[in-house]
Structure formats: structure tokens, C-alpha cells
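Down below is the structure, laid out as C-alpha cells.
Proteins come first, then strands; the chains are lettered A, B, ... in the order of their sequence lines, and each starts at number 1. Worth saying up front: this structure is predicted, and the values here are computed from it rather than measured. As a basis for the values below, the full set of heavy atoms in this structure was taken, side chains included, without hydrogen atoms, waters or symmetry mates.
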Number of protein chains: 2
Amino acid sequence: MQPAEKRTAVPDTVIAAMRRTNELFDAEAISKQNLDALDRVYTTHARVLPPGAAMIEGHEKIKEFWRQAIAGLSLTGVKLTTVQAEPAADGVIEIGRADLSVAGGQVLTVKYVVCWKQEDGEWKWDVDIWNANQ
Amino acid sequence: MQPAEKRTAVPDTVIAAMRRTNELFDAEAISKQNLDALDRVYTTHARVLPPGAAMIEGHEKIKEFWRQAIAGLSLTGVKLTTVQAEPAADGVIEIGRADLSVAGGQVLTVKYVVCWKQEDGEWKWDVDIWNANQ
């Protein structure tokens, strides 16, 4: 059993794969409003816990959530920055910061925890929760 | 590599240990304001991501956070309910619901994700993030 203070590094290849998924979320799903790209971002049974709403599960509900978020916030992009990442069996636990570009050129910053899993050879978000800093 | 849809159960003995930790949080740390009990709830390098504030790390900052939260909310208890739990290497990822008893007999409900690790033989919270449902 590994003590909490001895965190081992996530392999560079996995970090690179995670970065590709995070960029897909920004460049395809949000910026181009290609919501089907979310199938490649979230696992089939992914759970999303958004502030101000109940937990949702699965691709269809997640797409509907982001469709409404893009429209409601006039969201044009989401830059994701990994702050910490540590291995967790077949997954990775990531703590990060998201900068959301919204209406009027404003940027909303939130912090998040994503539990990653590999599915169909891709690294995807399996649990996704965030909240505001202020 | 285990596909996301094949979640294996967390052993009953671990669930029981997690329940003891969650009850310690409610019964000792919050209800009795015995903040030193948080040393047995959170790992040494635990990170807490509270809504409306930046991430904090480590026992001292976590105790100060809860000291202020207890005073600010007139918090008298926090009932924690595990909604989902799945193994993650040497840890467990828990999705749950917390009912916070606050001033005037009101109850605030939030949802949370806790990444658990074993430290010194006890199951403790290593990453703790939550947000409101409304």
C-alpha cells in the first residue's frame, strides 16, 4: 500500500494523451460546437457533477448539458491546465484549472478534479467535477 | 486495462473503514469542533477544493478552513452518504452527497467527489471537492 506522500509520476505518454483529449474538448466540442466530439472526451458511463445542478451520467445527458452551457454562457473556448496528476490503478486523478471564454470577452476561471480512464484505447474523463474560485 | 463500464466493487471492509472516517468527520470534527480529528480524516498532503476559494493543501490549512466554515455557517453536523464508490489502485473514488446542518435548523445539500487513500492504516480523504446542487 503506497503512502499518500509518495506520489509516483504519470507516464509522459499518458500525459500527452490526456493533453490531446483536453485539447479536443476545447478545440472541437466547445469552440466548434461539435458535441459529438464529447464521445471521445468522456467515457460511456462518465459522470459530470456541475455546480448548480444534479449529477448527470452518460453521453446523451452530457452533450445536452454542454449544449445548454455553450448557449447559456456564450462559451467559445475552454483552456484546461493540469495542476497535479497522479496515477490511480487503470486511471489518473487530475486536479486542474479551466479558463472559460464567455460572452463579452470575459474569462471565467474554475478549478476541477477529473478521474481519467482508458476506453477504446483513448484516455477519457470518467468523473468530472468543478467549482468557482470566487 | 479495465474498461470504464466494468466497475468492480470496493471490498466491504474498506467501505466500513470509509464509513468510520466519514462519521468521525461529522461526529468529532464538526459536531464537537474537535478539529484535530481532521488529522484522521485527511491524508497529510490532502488537497481541498472548496467552492468560492482557491485549493488548499495540508492539515494546518484544512483545519483553518473548517474552523472558519463552522463559525461562518454555524455548522453543527455533516451527514455524508456514499452514492458511488469504485476502486482506484491503492485508493477509492467516492461520489457522495453531504447534508450540512447550519444556522436556523436549515440543511444545505452538496454533492462531492473524494479520492481516498490509506495512510497509517486508516482510510482518509486525499482529494476533496464539492459544489451545490442549486
Self-check item: chain A contact via B:Leu49 - which portion, at a heavy-atom distance below 4.5 Å
Solution: both
Quiz item: Are A:Ile93 and A:Trp130 co-members of a hydrophobic cluster defined by side-chain heavy atoms under 4.5 Å apart?
Solution: no
Exercise. Establish whether A:Val114 and A:Leu100 are linked, either directly or via other cluster members, by ILVMFWY side-chain heavy-atom contacts under 4.5 Å.
Key: yes
Quiz item: Non-hydrogen atoms of chain A under 4.5 Å away: do they reach the side chain of B:Val127, the backbone, both or neither?
Solution: side chain
Quiz item: Same cluster or not: are A:Ile70 and A:Leu73 linked, directly or through other Ile, Leu, Val, Met, Phe, Trp or Tyr residues, by side-chain heavy atoms under 4.5 angstrom apart?
Solution: yes
Quiz item: Quick check: does any side chain N or O of B:Lys111 sit under 3.5 Å from a backbone N or O of A:Pro50, one acting as donor and the other as acceptor?
Solution: yes
Quiz item: Going only through I, L, V, M, F, W and Y residues with side-chain contacts under 4.5 Å, is there a path from B:Ile95 to B:Val110?
Solution: no
Self-check item: Transitive ILVMFWY side-chain link A:Tyr42 to A:Val92, under 4.5 Å
Solution: yes
Quiz item: Is a side-chain donor or acceptor of A:Asn131 paired with a backbone partner of B:Ile129 at a separation under 3.5 angstrom?
Solution: no
Exercise. In sequence, state the C-alpha distance, the side-chain angles, and the governing distance for B:Met55 and A:Arg97, and then conclude on side chain to side chain contact (heavy atoms under 4.5 Å, CB included).
Key: CA-CA 10 Å; B:Met55 181 174 82; A:Arg97 163 196 166 127; over 6 Å; no
Self-check item: Electrostatic pair A:Arg47:B:Glu86 at N-O distance under 4.0 angstrom
Solution: yes
